[in-house]
Amino acid sequence: MMDFFFQGPEPGASEMPSLKDLFDASGPTYLTYVNWNCPHHRRSVMASLVQGVYVLERDRQWNRQGPDARAPAWWRFFHFELRQVLVDAADGSIFGAVYAFQPPFHLMDPTAAASAPYYVAAFRGTITKKGSAKRDLELDLLLVRNGLEGKSRFRVAVQAIHDTVAVAAGQHYRVWLAGHSLGSAIATLAAKTLARAGAAVLPTFLFNAPFVSAPVERIGDRRVRQGIRIANSFVTAGVAALLQGGGGGVHDASFAALAAWVPNLFVNPADPISAEYVGYFDHRRKMEAIGAGAVGRLATRNSVKDLLLGIGKGGGGCEPLHLFPSAVLTVNRGPSPDFKTAHGIHQWWRPDLALECTAHYYS
C-alpha cells in the first residue's frame, strides 16, 4: 500500500529531487516503438503512465511548472496527451490522470493500432511526503476495512472513468485502467463496480495490488504454506456457510458476475503487500486437485476478516476487494534486494525481467 521511494527533500530544502522522476534517466527509453500486441510493451507503457501520475503530484509538491515539470515526458514519449488531472478534494493532491492516445499517423501500424487503447485512466499509490501522506495513509487504513467506496477519491475516479467510457462511444474495451499499490485498489474497485453493473468490462493493469491477508507466501517451507492454506480454506468456507446461510447465493452470483473481467495482475513474491496473490491462485488449483474444489471455490469468494466485519450489516459480510474470480497473473521472479525494489513501480518496465505468466479463470 505504501510506495517508499526517495523523493528528495521538501521544497525550500537543498534541491536534490530524485532521478527516478526523470524519464530520460529512469524510464524505458529503449521502447521507441510500441507493439500493442506485445504484453511486455503494454506492461511497460501502463507502468510508465502510472509513474506519470506520481511525478505529476511530486511536480505539484515541488512547484515544478512549465519547462521544469518532469511528468509530461512519461506520457509524451509514448504519444499520449494528458486529458484530465484527478484531484482529491480532501487535500488537493493529484492521485490520477486520464490520458488519450494520439500517435502520429506515420507511426501507425494498422495491426498494432487495433489493439491500442484510446484512453487510459491511471492511479498512483501512496506518497509519504507531507503534501499527500496524511490522506494517502488514511486511505491505506480504509483499504484494510474495504472502506474506499464512500470516499471522494474513489467517487472522482469513477466519475472520470464513466465520462471516458461515454466518450469512447461504445468501444469501452479501448478504455484501459492502470494503478499501482493503493492506486491498484482504486482501479480494482472501479472496474468491479462497472463490470458488476453491466456497464463495461475494462482492460485493467494492476501493479503490486494489496492483498489484505497474513503473508503466508513468505513462509519458506512449501508444505507448511500448503497446510496453512488448506486449513484456512476449510475455516473460511465454514464461516461463510454459517454467516451467509441461505443468502449466500446473492453473494456468489455477485462474485461470478465478475468472471468476464480478467485483470492483468503484476506481483513480486518479495513484496509482502502483493505476494499473497501468488499463493491465492495456485491454491485454487490445488484444492481442485485434492477433490476439495467446492470448498476452495467458496473460500475463494470470501475472507474471514470481511465476513466478520459484515456481521450485523446484512448480506453475509463485506465483499473482499482483493479477491478476484479471474486474472492473468504475472510474477517477477527476478532478484529484489529490498522492499523498495520489490514493491516499486519501476521494476515493471525493465527489459530483463524474469517473468512467469499464468491465466486463471473462474468456473
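Throughout, residue positions are numbered sequentially from 1 according to the sequence presented.
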Worked check of side-chain contact (heavy atoms from CB on, under 4.5 Å) between Val328 and Val262: CA-CA 7 Å; Val328 176; Val262 186; 3.8 Å; yes
Quick one, Phe95 with Val156, criterion side-chain contact (heavy atoms from CB on, under 4.5 Å). Give me CA distance, side-chain angles, the key distance, then yes/no. CA-CA 10 Å; Phe95 72 90; Val156 170; 3.8 Å; yes
Show your working on side-chain contact (heavy atoms from CB on, under 4.5 Å) between Ser44 and Tyr30 and close with a plain yes or no. CA-CA 11 Å; Ser44 298; Tyr30 63 89; 3.6 Å; yes
Take Val165 and Leu202 through the test side-chain contact (heavy atoms from CB on, under 4.5 Å) and record every step on the way to the result. CA-CA 9 Å; Val165 169; Leu202 305 181; 4.1 Å; yes
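Using modelled atom types, no side-chain atom of Asn332 and backbone atom of Leu355 make a donor-acceptor pair closer than 3.5 Å. The closest donor-acceptor contact from the side chain of Arg174 to the backbone of Tyr119 lies at 3.5 Å or more, if one exists at all. Asp21 places no side-chain N or O within 3.5 Å of a backbone atom of Arg70 that could act as its donor or acceptor partner. With hydrogens and angles ignored, the 3.5 Å screen pairs a side-chain donor or acceptor of Ser326 with a backbone N or O of Ala259. Within the 3.5 Å criterion, the main-chain N or O of Asp91 finds no donor-acceptor partner in the side chain of Ser93. At distances below 3.5 Å, at least one donor-acceptor pair connects side-chain atoms of Tyr99 with backbone N or O atoms of Leu49. In this structure a side-chain-to-backbone donor-acceptor pair under 3.5 Å is missing from Gln51 to Phe23. Without hydrogens or angle criteria, Ser184 side chain to Gly179 main chain gives a donor-acceptor distance under 3.5 Å. The closest donor-acceptor contact from the side chain of Glu149 to the backbone of Phe154 lies at 3.5 Å or more, if one exists at all. Judged by distance alone, the side chain of Arg153 and the main-chain N or O of Ala90 form no donor-acceptor pair under 3.5 Å.
The two residues Arg350 and His346 come nearest to each other via the heavy atoms CG-O, 4.0 Å. Scanning both residues, Ala160 and Leu86, for their nearest heavy atoms gives CB-CD2, 3.7 Å. Contact between Ala342 and Gln347 at its shortest, heavy atoms only, is O-NE2, 2.7 Å. The heavy-atom pair separating Ser181 from Pro210 by the smallest distance is O-CD, 3.3 Å. Listed here is the closest heavy atom pair of Phe78 and Pro28: CZ-CG, 3.7 Å. Listed here is the closest heavy atom pair of Thr193 and Leu189: OG1-O, 2.7 Å.
Between His180 and Tyr54 there is a side-chain heavy-atom pair separated by less than 4.5 Å. Counting heavy atoms from C-beta on, the side chains of His162 and Leu194 come closer than 4.5 Å. Between Ser132 and Arg124 there is a side-chain heavy-atom pair separated by less than 4.5 Å. Between Val53 and Phe123 there is no side-chain heavy-atom pair separated by less than 4.5 Å. Contact check for Val45 versus Leu31: side-chain heavy atoms found under the 4.5 Å cut-off. Contact annotation: the side chain of Val331 approaches that of Pro269 to within less than 4.5 Å [non-hydrogen atoms, C-beta and beyond]. The closest side-chain heavy-atom distance from Phe205 to Val50 is not below 4.5 Å. Side-chain atoms of Thr341 and Asp338, non-hydrogen and from C-beta on, do get closer than 4.5 Å to each other.
Separating the CZ atom in Arg43 from the CZ atom in Phe207 is a distance of 7.5 Å, to the nearest 0.5 Å. Here CZ of Arg64 is found 10.0 Å from CG of Leu56. Values are rounded to the nearest 0.5 Å. Between Met46 atom CE and Thr204 atom OG1 the span is 11.0 Å, to the nearest 0.5 Å. Note that the OH atom of Tyr277 and the CG atom of Leu206 stand 7.5 Å from one another [nearest 0.5 Å]. Residue Leu139 holds its CG atom at 6.0 Å from CG of Leu182, rounded to the nearest 0.5 Å. Within the model, atoms CD of Gln159 and CD of Gln84 stand 9.0 Å from one another, a figure rounded to the nearest 0.5 Å.
Here the two rings, on Phe324 and Tyr280, have centers that are 6.0 Å apart or farther. Aromatic pair Trp176/Phe101: ring centres not closer than 6.0 Å.
A salt bridge links Arg135 with Asp88; the closest basic N to acidic carboxylate O contact falls under 4.0 Å. Looking at Asp136 and Lys129, no side-chain N of the basic residue comes within less than 4.0 Å of a carboxylate O on the acidic one, giving no salt bridge.
Both Phe77 and Trp74 sit in one connected hydrophobic cluster of ILVMFWY residues. Membership requires side-chain heavy atoms under 4.5 Å apart, directly or through other members. Taking hydrophobic clusters as Ile, Leu, Val, Met, Phe, Trp and Tyr residues chained together by side-chain heavy-atom distances below 4.5 Å, Tyr173 does not share a cluster with Leu258. Val167 and Val98 are members of different hydrophobic clusters when ILVMFWY side chains are connected at heavy-atom separations under 4.5 Å.
The number of heavy-atom neighbours closer than 6.0 Å to NE2 of His41, taken from other residues, nucleotides and ligands shown, is above 12.
A donor atom on one side chain and an acceptor atom on the other are not found under 3.5 Å apart for Asp68 and Trp62. Using modelled atom types, one finds no donor on one side chain facing an acceptor on the other under 3.5 Å when comparing Asn268 with Ser274.
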